[in-house]
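As structure tokens, the structure follows; a few thoughts come after it.
First the proteins, then the strands, lettered A, B, ... as listed; each starts at 1.
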Amino acid sequence: MIRLTGLTKRYGSFTAVDRIDLEVPQGELFGFLGPNGAGKTTTLRMIAGILRPTAGKVEIAGIDIAKDPVAAKTKLGFIPDRPFIYEKLTGAEFLRFVAGLYDQEGPQIEHRARELLALFDLEEWRDELVESYSHGMRQKLIISSAFIHRPAVIVVDEPHVGLDPKAMRILKDLFREYVRRGHTIMMSTHTLEIAEGMCDRIGIIQGGHMRACGTMDELRANATGGDTGLEQIFLRLTGENAAREMVDVLDA
Amino acid sequence: MSSTPDFVPGVSGPVASGGERADGGLPDPSLLHLLGPKWLTARARSLDDERGRTARWIVLGFFGLIFWAFIFGMLFRLLKYFKGVQEIGPFLSGKLLGLMLIGFFSILLLSNVITALSSFFLAKDLDMLVAGPVDWLKLYGAKLLETMLHSSWMVVLLAIPMFSAYGVVYHGGWYYPLAVLFVFLPFLAIPAVIGSAITLLLVNIFPAQRTRDILSVIAVLTAGGIVLLFRIVRPERLARPEGFRSLVDFVTVLRTPTSPFMPSEWAQRAIMAWLDGRIEPLPFYLLGTTALAAVVLGALLHRALYDKGFSKAQESGGRQARTGVMGRALHRLFSPLGVLRRELILKELRLFFRDTTQWSQLILLAVLVVVYVFNIKYLPLKGEGMTFFLVNIVPFLNLVLAGFVLASIAARFIFPGVSLEGRTLWLLRSSPMPVKELLWAKFWVGTVPLLVLALGIIGVTNYLLQVTAFMMAVSILSITLMTFAMAGLAIGFGTLYPQFETENAAQIPTSFGGLLFMMAAVAVIGGVVILEARPVYTYLSARAYGMKPDLFEMVVGFGLALLLCITATIVPIRIALTRLEAVER
């Protein structure tokens with residue numbers, strides 16, 4: 001469903017993403033991990049068609065996004081990490097607007113919008129302007145908007161930021177059920193427990209390179225030093241074990 | 001620039017545990033420390049190597065100097081003339097100064113009320129400052145200075161050539177600038193304190209979001225009122241005393257707007273006495289003490305009400321928006337265009353009309369149009385010296401002026417369109433919507449109201465001018481084509497020079513791209529008028545002398561004007577499309 005071939009992004013002399021090859025098949029929830037500035041967001045924004053790759057190819061459901069962006073994007077729903085929504089639209093109007101971008105309208109969309117808003121406890125806020133929403137409520141609205149047109153693929157960057165425990169649980173169930181129905185989700189996150197508990201496969205990126213990719217069992221099997229948890233594997237792979245002595249830092 | 005210093009508002013000294021300073025005292029950041037980030041931001045901006053920055057400063061500097069020279073020149077001539085008038089000369093100059101200062105005072109008061117709302121209640125740094133151990137008085141001082149600076153810079157820029165003209169004509173001497181400074185600083189401080197206090201009271205009554213809406217409408221209505229009043233008073237009559245029945249009438253008119261209790265009156269008295277070679281201490285004293293007393297009273301009011309007001313300002317004042325009859329009618333109206341286009345148009349309209357800071361400016365626009373029509377109505381087009389040509393040239397000039405009005409409206413409302421999408425481009429770019437649809441919606445949502453306005457202005461003014469059918473047809477066709485060209489240019493330049501990070505739409509037209517757009521718009525208006533001048537002249541001459549007009553000349557002239565407008569409409573939009581497709585955000 002998502003295929004990346006030699007995907008590269010350079011900003012001047014800085015290489016943010018370096019020749020990434022990846023295939024996320026239909027019906028899989030893929031977790032994308034990496035330290036800050038590793039290239040996760042850049043990769044996801046290239047998949048969403050917002051950034052143009054310097055080299056390489058992105059295919060969504062077999063369609064090359066560079067060759068036929070409209071067809072590829074029709075299959076896609078994107079949830080960015082720091083989303084901005086039109087402040088002067090209401091929640092319901094925003095969902096209607098997003099559906100309109102995918103040329104969808106009518107009672108089915110209205111029904112789906114109501115269901116999604118109800119799922120995230122936003123039903124009472126549907127006619128309130130977005131400017132009065134809290135950060136978490138905006139995040140819920142954005143997540144709802146990615147599902148409004150029933151895309152085959154959802155690409156999501158840090159979806160858990162600002163969500164309450166109940167919404168986190170709903171999101172987890174929603175993602176799992178969506179994938180079970182044959183759709184594909186690629187998700188970046190910093191919450192390793194979530195990645196470990198939710199994802200079918202996990203990729204770890206650092207410095208623009210894919211350092212490891214596979215199921216938890218595969219990652220464990222490849223890990224040296226007897227690491228069993230995702231946190232140890234992540235820290236070992238990304239070199240974060242070289243953290244300073246806490247005592248030295250606090251005494252500084 | 002990444003020269004972020006170790007600024008932690010609230011803490012200026014070495015910190016020990018629990019926020020106490022190493023020397024045992026409580027943290028007490030200075031006023032300068034609180035203002036530090038503003039200064040550093042301004043410095044970083046000035047060093048930023050943004051595209052076209054130098055060119056923008058050169059162009060702005062050039063136009064600024066022309067503007068200064070114009071104001072100085074006008075006042076210089078007027079004051080020279082007044083100086084030559086026996087007996088009442090200095091009286092006239094003083095009254096003129098008083099009038100201008102009263103104008104400044106009203107503008108300052110209004111602008112301070114609006115700015116105070118942002119700086120005291122809505123600014124992004126307030127969470128940090130209010131949460132930090134910052135003394136209330138220093139917070140007040142810092143925010144008052146910020147408010148005063150933001151609301152007064154334009155008035156100061158206007159005042160420089162004005163005071164210079166007075167100083168030069170009346171030989172103010174070397175210390176004159178110092179005297180002006182002593183007068184003008186308290187003159188700026190008083191409205192800043194009063195404006196901030198009004199805002200403080202308003203925020204304590206209404207939630208901040210509502211207060212902003214109320215203020216923007218009040219501000220625009222007041223500004224419109226001032227413009228209307230100014231036009232109705234017709235100040236140009238003051239320069240023509242012969243138009244009055246007697247000297248008594250004239251002096252009565254001069255006396256009308258001033259008052260002994262207004263700071264503008266004190267400032268005028270202090271300056272005029274200085275220019276007369278006397279130092280009158282009372283007005284200086286009144287200005288200084290009033291400013292100080294105002295700051296003290298303002299600070300006390302701030303201490304009593306700010307905490308409650310700030311807390312209230314954090315309330316969003318939830319706002320519902322249900323689809324009413326109008327919404328449903330528009331939905332039906334735009335449905336034939338398809339789902340995507342309809343939703344794009346409806347989104348544009350909703351965002352515009354729900355943002356009071358946007359639509360309230362339409363009130364000011366309406367006032368300006370009324371003033372424009374009013375001026376046309378009072379043009380002395382009948383009587384001696386008014387030839388057939390002169391009467392027909394006026395509608396032609398009317399076309400130019402209407403074109404300028406349209407260009408400035410396009411700069412304010414159409415030019416920022418693409419910039420305002422900056423933070424939502426993630427949604428539009430990740431959707432299958434072709435970029436051209438976005439530009440299409442922005443073009444038509446901007447062009448249709450602009451065209452209605454353009455045809456309205458031209459139709460009414462031409463009716464008042466009683467122009468011939470030929471001139472009416474030329475005007476209407478030309479203004480229609482020019483409107484499309486203005487909208488095309490605004491979309492084009494707005495996309496080529498976007499300001500994606502700006503939150504305030506009103507600031508976008510003053511960017512470098514905005515300036516380029518205005519220059520291009522003026523060039524197109526000038527081009528159309530020049531191209532049409534010859535065929536219009538040919539036609540009018542032929543009519544005046546009873547001959548047949550040269551058809552070839554007319555076809556070439558009007559044809560080229562048509563070509564220019566079509567090019568100015570299509571080419572910028574095509575460039576914008578390519579540019580927007582390449583934007584990576």
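- Proximity to chain A is limited to the side chain of B:R342, based on heavy atoms less than 4.5 angstrom apart.
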>> Let's go through B:L351 and A:L89 carefully: what are the C-alpha distance in whole Å and the side-chain angles of both, what is the deciding distance for side chain to side chain contact (heavy atoms under 4.5 Å, CB included) to 0.1 Å, and is it a yes or a no?
In response: CA-CA 7 Å; B:L351 296 186; A:L89 292 190; 3.9 Å; yes
>> For A:I79 and B:W426: C-alpha separation, side-chain torsions, deciding distance, then whether side chain to side chain contact (heavy atoms under 4.5 Å, CB included) applies.
In response: CA-CA 9 Å; A:I79 306 172; B:W426 65 269; over 6 Å; no
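- Using a 4.5 Å cut-off between heavy atoms, B:E437 makes no contact with chain A at all.
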> After noting the C-alpha distance and the side-chain angles of A:Y86 and B:E421, does the key distance pass the side chain to side chain donor-acceptor pair (under 3.5 Å) rule?
Replying inline: CA-CA 9 Å; A:Y86 298 102; B:E421 292 291 350; 2.6 Å; yes
>> Applying salt bridge (Lys or Arg N to Asp or Glu O under 4.0 Å) to A:K9 and B:E584, what does each step give before you reach the verdict?
In response: CA-CA 12 Å; A:K9 181 69 182 176; B:E584 292 192 344; 2.8 Å; yes
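- Two residues are said to be in side-chain contact when any heavy atoms from C-beta on lie closer than 4.5 Å; A:Y102 and B:L340 fail this criterion.
- For the side-chain contact (heavy atoms from CB on, under 4.5 Å) with B:P432, the qualifying choice from A:D103, A:V70, A:D68 is A:V70, the only one to do so.
- Side-chain contact between B:L344 and A:F97: present, with at least one pair of heavy atoms (C-beta onward) separated by less than 4.5 Å.
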> Please walk me through it: do B:R350 and A:E93 pass salt bridge (Lys or Arg N to Asp or Glu O under 4.0 Å)?
Replying inline: CA-CA 10 Å; B:R350 283 177 183 137; A:E93 284 169 352; 3.4 Å; yes
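- Using a 4.5 Å cut-off between heavy atoms, B:L346 does not touch chain A at all.
- Side-chain atoms of B:R423 do not come within 3.5 Å of backbone N or O of A:F84 as any donor-acceptor pair.
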>> B:L428 vs A:L101, test: side chain to side chain contact (heavy atoms under 4.5 Å, CB included). Steps then yes/no.
In response: CA-CA 8 Å; B:L428 306 172; A:L101 293 178; 4.1 Å; yes
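- The candidate from A:H149, A:E87, A:R45 with the greatest count of non-hydrogen atom pairs under 4.5 Å with chain B is A:R45.
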> Under the side chain to side chain contact (heavy atoms under 4.5 Å, CB included) criterion, do A:K88 and B:K347 qualify, and how do the steps go?
Replying inline: CA-CA 9 Å; A:K88 300 283 179 190; B:K347 181 212 67 165; over 6 Å; no
